[in-house]
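Here's the structure we're looking at; comments come further down.
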Amino acid sequence: MRSYRDLFRTPEFTPFFLAASAQTVAQTMGGLALGTLVYRATESPLLSAVSMFGSSLVQVLGATFLLSAADRLPPRAALTALPLLFAAATAALALPGLPLWGLFAVVLVKGLAESVGGGVRWGLLNEILSKDGYLLGRSVFNMMSGLMQIAGYATGGALVVLLSPRLSLLTAAVLYVVAAVVVRLGLTRRPPRTTGRPSVAATWRANALLWSSAPRRQVYLALWIPNGLIVGCESLYVSYVPDSAGTLFACAALGMLAGDVLVGRVLPPRLRPRLGFPLLLLLAVPYVPFLLNPALPLAAAAVTLASVGFGASLVQQERLVALTPDELSGHALGLHSAGMLTTQGVAAALAGSLAQLTSPAGAMTAMAVGSAGVTLLLMGAGKREELRTVSCETGSGG
């Protein structure tokens, strides 16, 4: 599969893509509205950050106990039911008088469901396109995510400013329903990828198998930690510029779009594996000067440049798919998604806590330095693994 035209000629890809687009807009609009609602009520950077990314915190529970369902549920039924659940949860968040503890309870329940949804979705994409088309397809999804986030944050920001966060939440709920309808009407019924009932034991066995490989472990860590820490920076946009957070979120989405185009279409395949770690460094470095409290135009430029580095995830996902057996593809990609979102949730809570103690700008700089440090450590570990592999092959050949 060589071109975007080939992708959209593939049966079922277009409705799958459209449903994911609607869901992405719903997530971005709902997240911005919820973060703004909580910040207006509490004036707390920590609570605002956790409200936006708190559902990610429970992804680790889903990855530990529920992820075997990703390959054991019929994909169309699961991808129809989950957006309907998200619609109900988002509408509940818009209820006037909902106490703060109730709001966070809804956010956490939504996160548990999302931990399974990622595995079902990306496992199905791997079925629709096969491994040779996965990177191109995922790059299109990432580009779509960037565009839809731009649209979602722009629309959500306008609704929040001109009308109210609650109206924005209700609009997001409607979009979730649209996503469910498109899946139900546009996808065909498929059997689960793996037989048997979902169980905690099956989840643990598959996780242990995936984690037993050193190359896969390194890929997972590179997918989870550096970009998770940078999402911690993003979680502070609302407290950094309360009235212009939508602008920074839209710029981040624009940069992510550029990075995905660069990796998915511009770079030749032979160069992609070499640029994974440099792109992760690019993701962190532009946030370091935030300690100086740059004005909005400079902050927007830095955010856009940094977010090009999110293209590193495409390089790492391609390697993960190549290292994973077909029957575990949904589980492996779900583990990636759940681990990434968990790290993002933890990073958002950490960034919010640092901002409470210092300032949003200082916390963003600290998270960026941490991200760059982890990337350098992973680069060193990867080089040592390559040297060991070469040494073993040389010894065997001798």
If I compare all heavy atoms of [X] with all of [Y], which pair ends up nearest, and what's the gap?
X      : Y      : value
Val263 : Gly311 : CG2-O, 3.6 Å
Thr90  : Ala173 : CG2-N, 4.0 Å
Met29  : Ala172 : CB-CB, 4.4 Å
Gly309 : Leu282 : N-CD2, 4.1 Å
Ser239 : Pro360 : OG-CG, 3.7 Å
Ala363 : Leu354 : CB-CB, 3.7 Å

Look at the side chain of [X] and the backbone N and O of [Y], then say whether any donor-acceptor pair between them is shorter than 3.5 Å.
X      : Y      : answer
Ser244 : Val241 : no
Ser235 : Gly232 : yes
Ser212 : Leu209 : yes
Ser307 : Met256 : no
Thr28  : Val25  : yes
Thr365 : Leu291 : yes
Arg216 : Thr324 : no
Trp211 : Arg217 : no
Arg184 : Thr80  : no
Ser359 : Ala355 : no

First locate atom [atom1] of [X], then atom [atom2] of [Y], and finally report the distance between them rounded to the nearest 0.5 Å.
X      : Y      : atom1 : atom2 : answer
Gln344 : Glu234 : CD    : CD    : 8.0 Å
Leu187 : Ile128 : CG    : CD1   : 6.0 Å
Leu223 : Thr343 : CG    : OG1   : 10.0 Å
Gln27  : Tyr176 : CD    : OH    : 4.5 Å

Check your understanding: Stepwise, does the side-chain contact (heavy atoms from CB on, under 4.5 Å) test hold for Leu283 with Asn227?
Key -> CA-CA 7 Å; Leu283 187 59; Asn227 70 358; 3.5 Å; yes
Review point. What do you reckon, are the aromatic ring centroids of Tyr287 and Phe290 less than 6.0 Å apart?
Key: yes
Point to revise | Evaluation steps, ring pair (Phe, Tyr, Trp, His ring centres under 6.0 Å), between Tyr237 and Tyr240 | key: CA-CA 5 Å; Tyr237 290 170; Tyr240 184 74; 8.1 Å; no
Are the side chains of [Y] and [X] in contact, using a 4.5 Å heavy-atom criterion?
X      : Y      : result
Leu100 : Thr42  : yes
Ser44  : Tyr39  : no
Leu275 : Val315 : no
Ile225 : Thr375 : no
Gln23  : Phe86  : yes
Arg190 : Pro74  : no

Study note, to complete from the structure: The single option from Val231, Ile230, Leu236, Leu350 that satisfies side chain to side chain contact (heavy atoms under 4.5 Å, CB included) with Met367 is Leu350
Cluster overlap [X] with [Y], hydrophobic side-chain contacts below 4.5 Å:
X      : Y      : answer
Leu257 : Leu262 : yes
Leu229 : Val288 : no
Val177 : Val183 : no
Leu279 : Val261 : yes
Met379 : Leu314 : yes

Practice item. For the pair Phe277 and Leu376, evaluate side-chain contact (heavy atoms from CB on, under 4.5 Å) and give the outcome as yes or no after the intermediate values. Key: CA-CA 8 Å; Phe277 287 121; Leu376 292 173; over 6 Å; no
Exercise for review: Show your working on side-chain contact (heavy atoms from CB on, under 4.5 Å) between Tyr220 and Leu210 and close with a plain yes or no.
Suggested key: CA-CA 10 Å; Tyr220 275 127; Leu210 291 168; 3.9 Å; yes
Exercise for review: Please test Val303 against Phe249 for side-chain contact (heavy atoms from CB on, under 4.5 Å), starting from the C-alpha separation and ending with a verdict.
Suggested key: CA-CA 8 Å; Val303 164; Phe249 279 117; over 6 Å; no
Review point. Can you check salt bridge (charged side-chain N to carboxylate O under 4.0 Å, His left out) on Arg76 and Glu12, steps first, answer last?
Key: CA-CA 11 Å; Arg76 186 179 70 173; Glu12 299 185 85; over 6 Å; no
